[in-house]
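Below are the structure tokens for one structure; questions will follow.
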Amino acid sequence: MKNLELARIFYQIAEFIEMDEVSFRSRAYNKAARVLDSLEKDVQDIYQKGGTKALKKIPGIGEAIAKKIEEFIKTGKVKTYQRLKKQCPVDLETLTMVEGLGARKIKILYKKLGIRNLKDLEKEAKMGKISELEGFGEKSEKNILQAIQFVKAGQNRFLISSILPIVRQIINQLKELPQVYKISIAGSARRMKETVGDIDILVTSNKPDKVIDSFVKMFTSPKQSEGGPRISKVWAKGPTKSSVRFRAGFDCDLRVVKKESFGAALQYFTGSKDHNILIRKIAKKKGLKLNEYGVFKGKKKIAGKNEKEVYQAIGLPYIEPELRTNTGEIEAALRQAQGKLNQLPKLINYNDIKGEIHCHSNWSDGSRTINELALSAKKIGYQYLVITDHTKGLTIANGLDEARILRQMKEIDKVNKSLKGIKILKGCEANIKVDGTIDIKDEVLDKLDIVLAGVHFRLKMDKKDMTERIIKAIENPHIDIIVHPFGRLIDKRPGYQMDFKQVLKAAKKNKTVLEINAHTSRLDLRDINIRQAVEAGVKLAIGSDIHSVNCFQMMELGIAQTRRGWAEKKDILNTRTLTNFLEFFKDKE
DNA sequence: GCCGTTTTCGGCCCGACTGTTTTCAGTCG
């Protein structure tokens, strides 16, 4: 997949252009880079199937950039990029990460001081050379030195699961302020992206400066309890906006607006960038102006109080935050506005889940007893919980063999008798062996209510073999659900090679369900795959891959992922009541 | 450089904050 390599090159070309001119050329390269960054199809495939003509069909890619993509695929190089790099041989990717440094300043630093990378930058700043330059000063130099430390500390994206609890803490504390009226999280965290770079918080108040002041004081105060969120650096602090870094390593923007602008501001700060650009274009075409304060007709404000009103004012139905990625949701909204029904999905809700389908007890590698897990599930309000311990092929997880599965079934019967208000279902998470067969005998699988199966070893197979392996499991009448279908780990492991279209075909034909694994490090299926599955008519189920009682809360992430995949309640099996859930699998065998 | 229900030219989303300068460029989101 050459998409990301090309995206990196185009991002840098954009910066190089920016050094010399305020131009729309650099914007075009940025746009192309962003598009490639999130393009699900392999750009090389597209090229090989349809040449530059096909490339030009990708939004944001025209004649010139298509040629450069072609050049890269053919020669592994982009001459324009190499020429620019030669003229100004700096490590743009790292230097632009330094807060406050952009293309222009980086060029000055290179021309005047020969700074090429972070090391040079730190050296010159420490010697006081930077403050002597025109356009820089004492403060810039000090800020650069601090910013370098943050870049060195690395990490600029965080798992949504690790960020959300902290953000909720921050929001709860801000709510205590008497000047705060409304408050909401915005940005990619509101869209529930798998990973987020920074956090946006939006507040309404009549005394914005007071709120900003209190915010900064509140979280830098030594009184702020040990372990709670603490601000480690204030990047900016104005009358309505402040930008800070928390000790946990992420940046946070707080923005205060008047309540009549809350909707417009929330819409704006929720993004995504591409979604907003298109929305504003639509507004403009209608002779309106959309900014974070409202929708304006001339000087007259016609909307802004809430998001619904903002979308309405430009002629669109409300679009859920998780959908705002400019991947077809605006086109769907436009069609819906023209009277076509059900163009935007009616997304599954966060309270639609009726049971947990993926749960490990202390019989294998979980830490809790079946009874403890059942009590937790009941407390959430679930109607059922499927116990799905690992099986013998996974010795490292103390997997169960046939005899232990049978013993565990008896134990579950016992717990079921002692508990009211929740039903424990018997299951397992079996292993799909290299040849696609299962590591537990059919006659035992037959006795279980729900059988999950997944690939847990030999993850690196070629595409054809892995596809066959998984399809064989899908065709196995004893298998109900394929878990973590791609085996990916967020930002760590890309997931195995397989022909997902074939897999979907087989799943549909055999009525086999695919899991959306909600585990914080997995989130597998990905949103684009969920969308493909929904379109193919394949049923899905969200599983939290529970290993302890505090894992139940991961379901929220799974639902978010599911929403980003355009799935509705009807697509997700564990939104069904116990009876309907079991009914689905009955006629499978 | 891209794009087109103003289609081959002339637009391109829009505003806050900072630092260094005295009216604004650069950066960021």
Side-chain angles (χ1 to χ4, degrees), chain A residues 10 13-19 21-35 55-69 80 95-109 130-144 147 186-189 196-202 208-209 212 234-244 251-257 261 264-265 267-296 314-315 326 334 338:
Chain A
F10 292 150
I13 290 180
E15 294 287 344
F16 281 127
I17 294 169
E18 191 80 29
M19 286 177 177
E21 46 181 318
V22 183
S23 89
F24 291 101
R25 267 175 72 226
S26 96
R27 258 194 233 179
Y29 277 103
N30 257 319
K31 168 96 197 276
R34 278 205 313 277
V35 168
L55 291 176
K56 278 162 69 177
K57 290 215 174 107
I58 305 169
I61 291 176
E63 185 70 34
I65 292 184
K67 280 237 171 76
K68 290 187 178 68
I69 295 174
T80 310
L95 288 176
T96 49
M97 279 165 67
V98 177
E99 186 84 18
L101 285 191
R104 297 294 176 93
K105 289 189 171 164
I106 289 171
K107 187 177 180 188
I108 296 171
L109 291 170
I130 290 173
S131 55
E132 293 168 6
L133 296 175
E134 201 182 315
F136 294 81
E138 298 278 335
K139 272 198 156 167
S140 310
E141 191 169 77
K142 221 175 115 201
N143 280 337
I144 285 172
S188 52
V196 296
D198 57 14
I199 292 298
D200 299 279
I201 296 174
L202 187 68
D209 49 337
I212 297 286
V234 179
W235 297 115
K237 181 170 172 280
T240 64
K241 184 188 158 181
S242 174
S243 184
V244 302
D251 287 342
C252 175
D253 283 357
L254 179 73
R255 184 68 181 251
V256 191
V257 297
S261 295
Q267 195 285 323
Y268 171 59
F269 288 107
T270 298
S272 70
K273 191 184 178 74
D274 289 339
H275 176 91
N276 281 356
I277 289 174
L278 193 46
I279 290 287
R280 286 187 180 196
K281 271 188 190 163
I282 290 172
K284 200 168 182 178
K285 256 184 209 158
K286 289 189 187 281
L288 305 169
K289 187 175 77 165
L290 171 61
N291 60 24
E292 61 257 54
Y293 300 107
V295 183
F296 296 87
I314 60 169
N326 190 24
L334 282 167
Q338 283 160 7

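Just so we're clear, the structure is a prediction, and the values are computed from it rather than from any experiment. A, B, ... follow the sequence lines: proteins, then strands. Residue 1 opens every chain.
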Query raised in the report: Which of the following nucleotides, B:dG1, B:dA16, B:dC17, is nearest to the side chain of A:Ala64?
Result: B:dG1

Query raised in the report: Is the shortest side-chain N/O distance from A:Asn276 to OP1 or OP2 of B:dC13 below 4.0 Å?
Result: no

Query raised in the report: Atom CG of A:Leu55 and atom C1' of B:dG1: how far apart are they, to the nearest Å?
Result: 15 Å

Query raised in the report: Contact class for A:Val35 (heavy atom, under 4.0 Å): base, sugar-phosphate, or nothing?
Result: nothing

Requested in this report: Decide if atom CD of A:Glu132 counts as having more than 12 heavy atoms of other residues, nucleotides or ligands within a radius under 6.0 Å.
Outcome: yes

Query raised in the report: Does A:Arg255 have a side-chain nitrogen or oxygen under 4.0 Å from the phosphate oxygens OP1 or OP2 of B:dG15?
Result: no

Query - Nearest-neighbour nucleotide for the A:Lys139 side chain, B:dT20, B:dG15, B:dC17 considered - result: B:dT20

Requested in this report: Look at all strands and tell whether A:Lys31 reaches a base, only sugar-phosphate, or nothing, counting heavy atoms closer than 4.0 Å.
Outcome: nothing

Report task. Nearest-nucleotide wise, let me know which of A:Glu134 and A:Ala66 is further upstream toward the 5' end of DNA chain B. Result -> A:Ala66

Report summary line: With the side chain defined as heavy atoms from C-beta on, A:Glu292 is closest, among B:dG19, B:dG1, B:dA16, to B:dA16

Query raised in the report: Taking atom C1' in both B:dC24 and B:dG11, what distance in whole Å separates the two?
Result: 25 Å

Requested in this report: Verify the contact: side-chain N or O of A:Arg104 to OP1 or OP2 of B:dG26, cut-off strictly under 4.0 Å; return yes or no.
Outcome: yes

**Report entry** Gap separating the CD atom of A:Gln267 from the CG atom of A:Asn291, nearest 0.5 angstrom
**Finding:** 11.0 Å

Report summary line: Of the candidates B:dG1, B:dC13, B:dG29, the side chain of A:Ile277 sits closest to B:dC13

**Report entry** Closest-nucleotide ordering on DNA chain B, the 5'-leading residue of A:Ile106 and A:Ala236
**Finding:** A:Ala236

Query - Closest listed nucleotide, where the reference is the side chain of A:Ile65 and the choices are B:dA16, B:dT18, B:dC2 - result: B:dC2

Report task. Could you tell me the separation between the CD atom of A:Glu292 and the OG1 atom of A:Thr240, rounded to the nearest 0.5 Å? Result -> 8.5 Å

Query - B:dT5 to B:dC13 separation - P atoms, rounded to the nearest Å - result: 16 Å

Requested in this report: Take atom CG of A:Asn30 and atom P of B:dG1, then tell me their distance rounded to the nearest Å.
Outcome: 14 Å

Requested in this report: Using whole Å, report how far CZ of A:Phe269 lies from P of B:dC14.
Outcome: 15 Å

Query raised in the report: So what does A:Ala283 touch, heavy atoms closer than 4.0 Å: a base, only the sugar-phosphate, or nothing?
Result: nothing

Query raised in the report: Which is true for A:Ile279 with a 4.0 Å heavy-atom rule: it touches a base, it touches only sugar-phosphate, or it touches nothing?
Result: nothing

Query raised in the report: Which nucleotide sits closest to the side chain of A:Pro239: B:dC14, B:dC17, B:dC13?
Result: B:dC17

**Report entry** Presence of A:Lys105 side-chain N/O under 4.0 Å of B:dC28 phosphate oxygens OP1/OP2
**Finding:** no

Report task. Would you mind telling me which of B:dT20, B:dG1, B:dC14 lies closest to the side-chain atoms of A:Ser140? Result -> B:dT20

Query - P atoms of B:dG10 and B:dA16, separation to the nearest Å - result: 31 Å

**Report entry** From A:Leu133 atom CG to A:Glu141 atom CD, the distance as rounded to the nearest 0.5 Å
**Finding:** 8.5 Å

Query raised in the report: How many angstroms lie between atom CG of A:Asn276 and atom NZ of A:Lys281, to the nearest 0.5 angstrom?
Result: 12.5 Å

Report task. Mind listing the closest non-hydrogen atom pair of A:Phe10 and A:Ala33 along with its distance? Result -> CB-CB, 3.8 Å

Report task. Please measure how far the C1' atom in B:dC2 lies from the corresponding atom in B:dT8, and state the result in whole Å. Result -> 12 Å

Query raised in the report: With respect to the phosphate group of B:dC17, does any side-chain polar atom (N or O) of A:Ser242 fall under 4.0 Å of OP1 or OP2?
Result: no

Requested in this report: Report the base-pairing partner of B:dT27 (Watson-Crick or G-U wobble, both distances below 3.5 angstrom), or none.
Outcome: B:dA16

**Report entry** Distance test, side-chain N/O of A:Asn143 to OP1/OP2 of B:dT18, below 4.0 Å
**Finding:** no

Query - Gap separating the OG1 atom of A:Thr96 from the CD atom of A:Glu18, nearest 0.5 angstrom - result: 11.5 Å

Requested in this report: Could you state the atom-to-atom distance from CD of A:Glu141 to P of B:dT18 in whole Å?
Outcome: 20 Å

Report task. Please state whether the phosphate of B:dA16, meaning OP1 or OP2, lies under 4.0 angstrom from any side-chain nitrogen or oxygen of A:Tyr293. Result -> yes

Report summary line: Taken to the nearest whole Å, CZ/A:Phe136 to C1'/B:dT18 is 13 Å

Query - Value in whole Å for how far the P atom of B:dG11 lies from CZ of A:Phe24 - result: 10 Å

Query raised in the report: Between B:dT21 and B:dA25, how far is it from one C1' atom to the other, in whole Å?
Result: 10 Å

Query raised in the report: A:Leu278 has an atom CG; how far is it from atom C1' of B:dC3, in whole Å?
Result: 13 Å

Query raised in the report: A:Arg280 side chain: which of B:dT18, B:dA16, B:dC13 is closest?
Result: B:dC13

Query raised in the report: Looking at CG of A:Leu109 and CG of A:Leu95, how far apart are the two atoms once the value is rounded to the nearest 0.5 Å?
Result: 8.0 Å

Query raised in the report: Think A:Ser243 has a side-chain N or O under 4.0 angstrom from the OP1 or OP2 of B:dC17?
Result: no

Report summary line: Rounded to whole Å, CG of A:Leu334 lies from P of B:dT5 at a distance of 12 Å

